[in-house]
2 protein chains.
Amino acid sequence: MSLGYGQSENSSGLLFLTDEQLRKGIEAMFFAYRGFTADPDRILSERSYGRAHHRALHFIKRSPAITINNLLSTLGVTKQSLNRVLRTLIQDGLVLNEVGVQDKRQRHLSLTEDGSEFERALSNAQSDRMRTAYRQAGADAVQGFRAVLEAMMDPELKKHYGTRSNGQRS
Amino acid sequence: MSLGYGQSENSSGLLFLTDEQLRKGIEAMFFAYRGFTADPDRILSERSYGRAHHRALHFIKRSPAITINNLLSTLGVTKQSLNRVLRTLIQDGLVLNEVGVQDKRQRHLSLTEDGSEFERALSNAQSDRMRTAYRQAGADAVQGFRAVLEAMMDPELKKHYGTRSNGQRS
DNA sequence: AACAATACGTCAGTGTTGTTGACATTCCAA
DNA sequence: TTGGAATGTCAACAACACTGACGTATTGTT
């Protein structure tokens with residue numbers, strides 16, 4: 001089997017990786033992440049929003065009615081940092097903030113019509129690039145891409161990955 | 001062939017990707033990048049350095065005697081931003097700044113002994129995680145990982161990827 | 001020799017996004 | 001009733017990006 005990228009496998013089935021190969025992996029992450037954020041960044045700057053706004057919109061879209069605490073632990077930032085971003089999104093009418101029914105201490109976040117539309121624009125820009133990259137690399141590559149990324153996540157953060165649930169407890 | 005991750009391929013050989021699959025790819029990038037930077041970030045904060053210092057050290061190590069302009073276009077930041085970082089690294093004795101021989105306007109950057117040692121510590125932390133992720137995902141996955149990342153880069157930035165040259169012209 | 005362009009450094013101001021620390025309010029649960 | 005949980009907010013600060021402007025040294029060109 002041709003492994004490509006100068007990898008080799010020894011008799012124990014363990015990958016042998018040179019410093020050079022690891023360095024290229026590191027740089028690949030660096031350069032790819034720039035490309036990954038480039039398109040949404042352009043759209044965001046038109047409305048003088050930043051990447052933090054995009055992230056908030058993304059996860060609110062993913063988990064409608066998500067609570068502040070859940071969003072906080074998903075994003076991994078402080079509440080003060082998130083609050084600044086949410087305040088502008090709520091004021092601008094992109095995000096709805098509703099008091100919980102079971103637990104009135106909680107707030108449930110969701111996208112307004114405008115918010116959905118804007119999130120879609122950002123999401124489309126990012127998805128387009130990802131789709132192009134996927135097709136360029138091929139189906140097998142996509143599988144490997146996701147497998148390596150998942151293995152690279154912190155276990156603590158990984159639990160927030162791949163769910164559509166809003167994490168509400170009954 | 002089992003593609004996994006719910007992908008499918010149509011008769012034209014084109015990947016069919018649902019919004020859900022693309023969304024998971026986007027989140028994978030987000031969470032993985034956090035993991036990717038987590039270990040070096042810890043080391044950096046002990047010396048009150050940031051990610052920008054790490055990036056500078058990485059590319060100076062990769063291309064010894066690199067000029068300011070080349071480093072600038074590799075990192076994709078402004079000279080004012082880079083200068084702030086380089087100034088501290090030079091003052092702290094981690095980076096050498098030497099006037100060019102052929103062209104005395106240019107400055108050539110390289111790591112000192114201390115700089116090499118520090119860069120190695122950062123690099124090792126990051127490489128360890130990447131090596132673990134690679135081994136967990138398997139040899140085929142690594143190939144796909146790199147292929148997708150490369151396809152995701154901006155062409156303008158991609159030209160800085162995968163070279164050990166310092167970009168000097170004769 | 002004169003002049004334009006290149007490479008670099010720096011000052012000042014601004015914006016986004018993160019942090020810590022402190023404090024208040026509201027509400028749930030024991 | 002009392003403690004803790006969930007949220008919001010104020011203030012201060014730091015990292016790191018940006019723009020704009022200006023200065024100096026050096027090189028290349030006319």
Side-chain angles (χ1 to χ4, degrees), chain A residues 30 33-34 37-38 40-57 65-92 95-109 166-170, chain B residues 30 33-34 37-38 40-42 44-57 65-91 95-109 166-170:
Chain A
F30 170 65
Y33 201 79
R34 299 212 120 199
T37 56
D41 281 355
R42 266 187 290 274
I43 298 172
L44 289 159
S45 70
E46 290 169 13
R47 293 222 206 174
S48 66
Y49 287 140
R51 230 171 261 181
H53 298 85
H54 184 193
R55 288 197 283 264
L57 291 171
I66 189 173
T67 64
I68 302 279
N69 254 350
N70 282 326
L71 186 54
L72 275 179
S73 64
T74 301
L75 293 172
V77 296
T78 59
K79 63 173 177 176
Q80 294 91 330
S81 196
L82 176 60
N83 190 260
R84 196 175 14 207
V85 168
L86 280 183
R87 196 155 39 189
T88 70
L89 290 174
I90 292 166
Q91 280 172 355
D92 294 355
V95 167
L96 265 184
N97 191 11
E98 293 169 309
V99 174
V101 180
Q102 293 100 342
D103 189 333
K104 290 179 193 161
R105 291 173 301 180
Q106 295 183 334
R107 300 297 132 88
H108 297 282
L109 302 168
N166 52 21
Q168 276 184 105
R169 274 151 296 186
S170 59
Chain B
F30 170 65
Y33 200 79
R34 299 212 121 201
T37 55
D41 280 355
R42 267 187 289 274
L44 288 159
S45 68
E46 290 168 13
R47 294 221 206 175
S48 66
Y49 287 141
R51 228 172 262 181
H53 299 84
H54 184 191
R55 289 197 283 266
L57 290 171
I66 189 174
T67 65
I68 301 281
N69 255 348
N70 282 326
L71 186 54
L72 275 179
S73 63
T74 301
L75 293 172
V77 296
T78 59
K79 63 174 175 176
Q80 294 92 329
S81 197
L82 176 59
N83 189 260
R84 189 180 342 117
V85 168
L86 279 182
R87 196 156 37 190
T88 69
L89 290 174
I90 292 165
Q91 281 172 356
V95 167
L96 265 183
N97 191 8
E98 293 170 309
V99 174
V101 180
Q102 293 100 341
D103 190 335
K104 289 177 193 161
R105 291 172 302 180
Q106 295 183 331
R107 301 296 131 90
H108 297 282
L109 302 167
N166 52 21
Q168 275 184 104
R169 274 150 297 185
S170 59

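Here is the naming used below: chain letters follow the sequence lines, and residue numbers restart at 1 for every chain. Everything numeric here is computed off the predicted structure, so don't read it as measured data.
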Report yes or no: is there a donor-acceptor pair, N or O only, under 3.5 Å between the side chain of R107(A) and the base of dT7(D)?
-> no
Could you pull out the closest heavy-atom pair between V99(B) and K104(B), with the gap in Å?
-> CG1-O, 3.4 Å
Can you find a side chain N or O atom of N70(A) that sits less than 4.0 Å from OP1 or OP2 on dA6(D)?
-> no
Just how far, in rounded Å, is P of dC16(D) from CZ of R55(B)?
-> 8 Å
Using only side-chain N and O atoms of N97(A), determine if any of them is under 4.0 Å from OP1 or OP2 of dT7(D).
-> no
Send over the distance from R42(A) CZ to dC18(D) P, rounded to a whole Å.
-> 14 Å
Kindly write out the residues that satisfy side chain to side chain donor-acceptor pair (under 3.5 Å) with Y49(B), not counting sequence neighbours, or none if the list is empty.
-> D92(B)
Touch class at under 4.0 angstrom, heavy-atom based, for D41(A) against every strand present | nothing
Determine all donor-acceptor pairs shorter than 3.5 Å in which one atom belongs to a side chain in residues 75-91 of chain B; sequence neighbours excluded.
residue: T78(B); atom: OG1; partner: S81(B); partner atom: N; Å: 3.3
residue: T88(B); atom: OG1; partner: H53(B); partner atom: NE2; Å: 3.2
residue: T88(B); atom: OG1; partner: V85(B); partner atom: O; Å: 2.8

Look at the side-chain N and O atoms of H53(A) and state whether any lies under 4.0 Å from the OP1 or OP2 oxygen of dT17(C).
-> yes
Residue-phosphate contact under 4.0 Å: N69(A) side-chain N/O, dT7(D) OP1/OP2 | yes
Answer yes or no: side-chain N or O of R105(B) and base N or O of dA25(D) forming a donor-acceptor pair under 3.5 Å.
-> no
Sequence neighbours excluded - salt bridge (charged side-chain N to carboxylate O under 4.0 Å, His left out) pairs with any residue from residues 44-55 of chain B = D41(B)-R51(B)
For DNA chain C, what string of dots and brackets results from 5' to 3' when Watson-Crick and G-U pairs need both distances under 3.5 Å, crossing pairs get [ ], and pairs with another strand get |?
-> ||||||||||||||||||||||||||||||
Could you state the NZ-C1' distance from K104(B) to dG28(D), rounded to the nearest angstrom?
-> 15 Å
Upstream residue (5' side of DNA chain C) when S48(A) and V99(A) are each assigned their closest nucleotide | S48(A)
L109(A) side chain reached by N97(A) side chain, heavy atoms, under 4.5 Å = yes
Distance, rounded to the nearest Å, where E98(A) contributes CD and dG8(D) contributes P = 13 Å
List in chain and number order the residues that pass side chain to side chain donor-acceptor pair (under 3.5 Å) with N69(B), two or more places apart in sequence or in another chain; answer none if no residue qualifies.
-> none
When you measure from every atom of DNA chain C, which of residues 77-90 of chain B have a heavy atom less than 4.0 Å away?
-> K79(B), Q80(B), N83(B), R87(B)
Give, for atom CZ of R105(B) and atom CZ of R107(B), the distance between the pair rounded to the nearest 0.5 Å.
-> 11.0 Å
Between C1' of dA7(C) and CG of L109(B), the distance in whole Å | 12 Å
Interatomic distance where CG belongs to L72(B) and P belongs to dT19(D) [whole Å] = 13 Å
Can you check whether S45(B)'s main-chain N or O pairs, donor with acceptor, with S48(B)'s side chain at less than 3.5 Å?
-> no
Would you name the heavy atoms of H108(B) and G100(B) that are closest together and state the gap between them?
-> CD2-CA, 3.3 Å
Would you mind reading off the distance between L71(B) atom CG and dA7(C) atom C1', rounded to a whole angstrom?
-> 14 Å
Any chance you could measure I66(A), atom CD1, to Q106(A), atom CD, to the nearest 0.5 Å?
-> 11.0 Å
In whole angstroms, the gap separating P of dC8(C) from CG of L75(B) amounts to 13 Å
